[in-house]
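Notes to accompany the following structure.
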Amino acid sequence: MGEKIRLFVGVGSHIAANFHIIGGVFDSLYPYGAIMNPPLKNVQTTVIAPGSAVMIEFTAEVPGTYLLVDHSLTRAIDKGALAELIIEEPAQPALYQPIGR
């Protein structure tokens, strides 16, 4: 828990993607995969052009299921442009507590 997660996300089609992690904020974002350039910091959503890629680093502070989606949600929900990242660690009651349990 608290370790940096690095994702390389590419788009191969002719339509740009609006990449977002539900429940997360990108600590560092390298647009166009330009890892030698200074990153953007604390970004929630990024556009990935067709045929392009980004590198994202973020930290999962709490365990759970993080949805990786195309923020054009009709593509995520209707066409399956989503994935799950499951973080399995002990609960962190000092950081959060479930509601209604």
Side-chain angles (χ1 to χ4, degrees):
M1 190 57 47
E3 291 185 30
K4 194 162 301 267
I5 298 167
R6 182 175 291 161
L7 299 173
F8 296 88
V9 183
V11 174
S13 72
H14 61 285
I15 299 172
N18 305 292
F19 186 74
H20 174 69
I21 300 174
I22 296 175
V25 174
F26 311 149
D27 298 328
S28 298
L29 166 67
Y30 297 84
Y32 307 108
I35 60 174
M36 298 301 288
N37 292 346
L40 300 174
K41 297 291 191 174
N42 301 314
V43 177
Q44 289 188 350
T45 302
T46 186
V47 175
I48 307 172
S52 188
V54 298
M55 186 177 86
I56 296 162
E57 294 176 334
F58 79 102
T59 306
E61 298 293 340
V62 297
T65 300
Y66 293 80
L67 294 178
L68 289 61
V69 300
D70 183 335
H71 212 288
S72 175
L73 293 177
T74 57
R75 289 196 292 255
I77 295 167
D78 297 336
K79 298 185 179 183
L82 61 89
E84 291 183 343
L85 178 62
I86 300 170
I87 306 294
E88 295 178 337
E89 293 285 334
Q92 300 288 327
L95 294 177
Y96 76 100
Q97 293 183 16
I99 296 174
R101 291 188 184 183

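Computation of the quantities below employed the complete heavy-atom set of this structure, encompassing side-chain atoms and omitting hydrogens, waters and symmetry-equivalent molecules. Position 1 is the first residue of the sequence, and the numbers go up from there.
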Which residue is it: L7, N42, V43? I am looking for the one with a side-chain contact (heavy atoms from CB on, under 4.5 Å) to F58.
L7
Out of curiosity, does M55 fall in the hydrophobic cluster containing L85 (side-chain heavy atoms, cut-off under 4.5 Å, transitive links)?
no
Any side-chain donor-acceptor pair under 3.5 Å between K41 and S28?
yes
Should F19 and V25 be regarded as members of a common hydrophobic cluster, given that ILVMFWY residues are connected when their side-chain heavy atoms come within less than 4.5 Å of each other, either directly or indirectly?
no
Shared ILVMFWY cluster between Y30 and V9, side chains joined below 4.5 angstrom?
no
Whether H71 and H20 hold their rings parallel, tilted or perpendicular, with breakpoints at 30° and 60°
perpendicular
Tell me the closest heavy-atom pair linking A16 and P50, and the distance in Å.
N-CG, 3.7 Å
CZ on F26 to CD1 on I56, rounded to 0.5 Å
4.0 Å
Cluster check L68, I87: I/L/V/M/F/W/Y, side chain < 4.5 angstrom:
yes
Nearest-0.5 Å distance, CD of residue E89 to CD of residue E3
7.5 Å
Here the pair of heavy atoms bringing Y32 nearest to S52 is CD2-OG, 3.5 Å
Which residues, ordered by chain and number, are linked to L73 in its hydrophobic cluster, where ILVMFWY side chains connect at heavy-atom gaps below 4.5 Å, directly or through other members?
I22, L67, V69, I77, L82
Using a 3.5 Å distance criterion without hydrogens, assess whether the side chain of D27 forms a donor-acceptor pair with backbone atoms of K4.
no
Side-chain donor/acceptor of S13 to backbone N/O of I15, under 3.5 Å:
yes
Got a second to check how far T45's OG1 is from I21's CD1, nearest 0.5 Å?
9.5 Å
Ignoring hydrogens and angles, tell me if any N or O in the side chain of N18 forms a donor-acceptor pair with the backbone of D70 under 3.5 Å.
no
Can you see which heavy atom on A60 is nearest to which on I5, and at what distance?
CB-CD1, 4.2 Å
